[in-house]
2 protein chains.
Amino acid sequence: MAANPLIRSSRPRSRWAAGLPAVTAEQIIDRALELTAEHGLDGWTLRQLAAAIEAYPAVIYHHIGDREAVVLGVLERVVGMMPLPPGDLPWRDWFRVLVGELRTVLRGYPGVAHRLAVYGPTVQGAVPIIDRGVRLLQDAGFGKESVLAYSMILSTACQFVSVEDERRRGAMDRTRMVDVFGEYRDNADMPGLAAMGAFAYELAENPEKIAGYYASLYDYAVERTLDGVAQRLEDLTDRP
Amino acid sequence: MAANPLIRSSRPRSRWAAGLPAVTAEQIIDRALELTAEHGLDGWTLRQLAAAIEAYPAVIYHHIGDREAVVLGVLERVVGMMPLPPGDLPWRDWFRVLVGELRTVLRGYPGVAHRLAVYGPTVQGAVPIIDRGVRLLQDAGFGKESVLAYSMILSTACQFVSVEDERRRGAMDRTRMVDVFGEYRDNADMPGLAAMGAFAYELAENPEKIAGYYASLYDYAVERTLDGVAQRLEDLTDRP
DNA sequence: ACCTGAACACCGTTCAAGT
DNA sequence: ACCTGAACACCGTTCAAGT
């Protein structure tokens, strides 16, 4: 049978034959970063990533490795975007600025906060942040507790962004909360539940307030955490 | 062709024909709970669960619904195991006891803490805990902030257990941390990193200390959080 | 060295058909 | 009502073979 005349040229059977440049690891991570910004770190598959760079899945294995290796590449990139706050700030202000930037950056890459909370400091790009942060705590007087305090603060920040990521993804519908608490809203016998119910209603009726709620929960958590750590420093230095 | 004489009776073509009782939703969740205790909430598949109850996957859909519905069933069961601390405790002690029990229960069902941090209070079984907790904060003087403070404390607790779950699952190898920080251990120019490196070494060389480390990180996070919240109460009531 | 194309061993989910 | 058995549309990963 003769070749179909409607097909002008048969599809080249290799990137090389098509005149395409070889794929690089950097390009793959570039594209994975974009897909993560669009759909979250768990919102794309290796096959979709391969399609996005117009290659076969095996090409990703050849240049980078398995999905986990690609994810680590994305983590490094995102951590690299984190600015280092000025080193002359008092420790509390330094951490306040850091976690403020942290949320801004991580909200652009849903799912990264979760991995960061777990892998935490094992990401190479975090090295300057860790050194500066731990040193500020050491200089402030936390002594051997500095590493623990640092881990707690950063972990808490990443965890709250992570929960925000997943709730935005729709893991918890707004309606679910009203379903569960609605009936208790005016229950005078259960004032604690009534308060939670009223709160759920307010968010359900004013969906535009949800973003603001996440921001204020984050700020609240960060401030309480820093308050608690500052309190600990007082206890440590008052009676040494 | 005659029936193979080695097969005494042909396999019954239905549970009913085999004399097996009908599967119930309760049994399915029972088994899902056991699988979660063994392999974590993300460590079993619907097909494995179906095999465990000697049924087809479609049977689970018939009685319960999709995988998410099964997971919600497991969440309810685990939350139901949480004891309610005595109501006459001061708020701080009440929460300290609650989150202590929380970790004990949740560590037995890896992955549940993560879902709880996200779905949080939308689980029916949490209703008594929420009412008591929020009410204690209201009575202590947190006013309209009570719901926020409650959410922050419980969320923080669940999140730290969740990170512990995933690290235990091996998401972060112990060696990775040494790989990243090992070279900085004696670096006098980077004392913050050196402290982190020394810490990583200690855990890598004494793996039996890891469980203790998670416990102490959890306790540290809980105490700092409660300190921070208590500090906030002082600020709220000193100048009302 | 880099890529192709197919295969393997899985998933969650759906559905017509049986009892 | 409850279950069977197969099918559908996916996954991540591997690998011999091509260029």
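Labels below follow one simple rule: chain letters A, B, ... track the order of the sequence lines, proteins then strands, and each chain is numbered from 1. Small disclaimer: the values here were computed from a predicted structure and weren't measured.
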Handout entry: Partner set under ring-ring contact (aromatic ring centres under 6.0 Å, His included) for A:Y61, not counting sequence neighbours
Key = none
Practice task
Identify, with sequence neighbours excluded, every residue that meets ring-ring contact (aromatic ring centres under 6.0 Å, His included) alongside A:Y213.
Solution key: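 Partners of A:Y213 by the ring-ring contact (aromatic ring centres under 6.0 Å, His included) criterion, ordered by chain and then number, come out as A:F199.
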Exercise for the section: Starting from C1' on D:dC2, measure out to CD1 on B:I28 and report it in whole angstrom. Expected result: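 Distance, rounded to whole Å: 11 Å.
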Practice task
Check the distance between D:dA1's P and B:I60's CD1 and give it to me in whole angstrom.
Solution key: 20 Å
Exercise for the section: For B:D42, enumerate each residue passing the side chain to side chain donor-acceptor pair (under 3.5 Å) test, keeping only those at least two apart in sequence or located in another chain. Expected result: none
Exercise for the section: Please name all residues satisfying side chain to side chain donor-acceptor pair (under 3.5 Å) with A:R185, sequence neighbours left out, ordered by chain then number. Expected result: none
Exercise for the section: Can you tell me which stems DNA chain D forms, taking runs of 3 or more consecutive Watson-Crick or G-U pairs with both distances under 3.5 Å? Expected result: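 As far as DNA chain D goes, consecutive pairing (with distances under 3.5 Å) yields the stems C:4-8 with D:12-16, C:12-16 with D:4-8.
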Handout entry: Nearest-0.5 Å distance that lies between atom CG in B:N206 and atom CD1 in B:I210
Key = 9.0 Å
Exercise for the section: To the nearest 0.5 Å, tell me how far B:F181 CZ sits from A:D131 CG. Expected result: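 Answer rounded to 0.5 Å: 10.0 Å.
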Practice task
Report, as a single string ordered 5' to 3', how protein heavy atoms within less than 4.0 Å touch nucleotides 8-16 of chain D: B base, S sugar-phosphate only, - not at all.
Solution key: ---BBBBB-
Practice task
Using atom types as modelled and distance alone, determine if a side-chain donor or acceptor of B:Y218 lies under 3.5 Å from a backbone N or O of B:V99.
Solution key: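 Yes; judged by distance alone, with no hydrogens or angles, the pair exists.
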Problem - CD (A:E34) with more than 12 external heavy atoms under 6.0 Å - result: yes
Exercise for the section: Kindly say if B:Y56 contacts the phosphate of D:dG5, meaning a side-chain N or O under 4.0 Å from OP1 or OP2. Expected result: yes
Practice task
Please check the phosphate of C:dT4 (OP1 and OP2 only) for any side-chain N or O of A:H62 closer than 4.0 Å.
Solution key: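 Answer is no, no contact under 4.0 Å.
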